[in-house]
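These notes are about the structure you will find just below.
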Amino acid sequence: MKKIKADMVAGALFMIFGLFFLIQTASNPQMSFIATTSDGVPGGGFFPYILSILIIIMGGALVVRGARNEGKKYVELTEENKKNLRILLMTVAGLIVFLAVWKMTAGTFGNTAFLICVFLFEIYLNKIFERTWKFTLIYSAGFTLFVYLVFSLGFKIIFNA
C-alpha cells in the first residue's frame with residue numbers, strides 16, 4: 001500500500017479551507033473587495049478575500065513541497081500526532097460552539113455577546129493547551145480587551161451574528 005505524503009494532505013486541506021471561505025465571501029453581497037463608501041475604505045470582503053487567496057497559495061506550495069519529497073514524508077499516527085489531532089478537533093468543536101452561542105445571543109446583547117464569547121473561547125483554548133489558570137485568565141482578559149479596543153473602539157465594528 002502506498003503511503004500518503006503528509007505535506008500533500010495538509011496542503012490539499014488548506015486549499016479546500018481557503019476555497020471554502022473564498023466562495024463564502026464571494027457569495028455574500030455585503031463582502032465586496034473594492035470600496036463601497038465615499039471615503040475609499042476597502043469593502044468588508046477585503047481581508048477575507050486576501051486571506052483566502054493566501055491560504056490557497058500556501059496550501060498549493062505545501063502540495064508542491066510534498067510532491068518534491070521535501071519535509072515530512074508520510075502521515076504517521078504517533079502518540080504526539082494523536083494528541084495534536086485531539087487538540088485540533090477540540091479547537092474546531094469549541095469554535096463551532098463559540099459561533100453558535102454568539103449567533104444565539106448577538107441579537108439580544110450585541111457586541112457584549114461577542115466579547116463574552118471571545119473571552120470564554122480564549123479560556124477554553126488555553127485550557128486545551130494546558131495553561132495555568134493564572135495565565136489563562138490574564139491572557140483571555142488581555143486578548144478580549146485588545147479585540148474590544150481595536151475593533152469596537154478603533155474601527156467601530158459592530159459584531160452582529
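Residue numbers start at 1 and run along the sequence shown.
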query = Can you name the ring-ring contact (aromatic ring centres under 6.0 Å, His included) partners of Phe135, sequence neighbours left out?
reply = Tyr139
message = Between Ser140 and Ile123 (side chain of the first, backbone of the second, donor and acceptor by atom type, cut-off under 3.5 Å), is there such a pair?
response = yes
query = With a 4.5 Å heavy-atom cut-off, do Asn28 and Gln24 have their side chains touching?
reply = no
ask   = Charged N to carboxylate O below 4.0 Å: is that the case for Glu80 and Lys83?
value = no
Selection residues 116-136 - residue pairs positive for side chain to side chain donor-acceptor pair (under 3.5 Å), sequence neighbours left out = Asn126-Arg131
Validation row: Ile50, Leu54 side chains within 4.5 angstrom (heavy atoms) = yes
message = Run Leu88 and Asn84 through side chain to side chain contact (heavy atoms under 4.5 Å, CB included) and show every step you take.
response = CA-CA 6 Å; Leu88 173 67; Asn84 290 340; over 6 Å; no
task = Begin with the C-alpha distance, continue with both residues' side-chain angles, and end with the deciding distance and a verdict on side chain to side chain contact (heavy atoms under 4.5 Å, CB included) for Asp7 and Val63.
result = CA-CA 6 Å; Asp7 286 343; Val63 169; over 6 Å; no
Stepwise side chain to side chain contact (heavy atoms under 4.5 Å, CB included) test for Val64 and Arg68 = CA-CA 6 Å; Val64 169; Arg68 290 183 175 173; 3.9 Å; yes
query = Which pairs with one or both residues in residues 80-101 pass ring pair (Phe, Tyr, Trp, His ring centres under 6.0 Å), sequence neighbours excluded?
reply = Phe98-Phe121
key: Qualifying residues under ring-ring contact (aromatic ring centres under 6.0 Å, His included), relative to Phe146, sequence neighbours excluded   = none
key: Residue that, paired with Leu22, satisfies side-chain contact (heavy atoms from CB on, under 4.5 Å) out of Leu51, Ile56, Ile55   = Ile56
message = Holding to ring-ring contact (aromatic ring centres under 6.0 Å, His included), I want the full list of residues that pass it with Phe47, two or more places apart in sequence or in another chain.
response = none
request  = With sequence neighbours left out, write down each residue that passes ring-ring contact (aromatic ring centres under 6.0 Å, His included) with Phe21, or none if nothing qualifies.
outcome  = Phe17
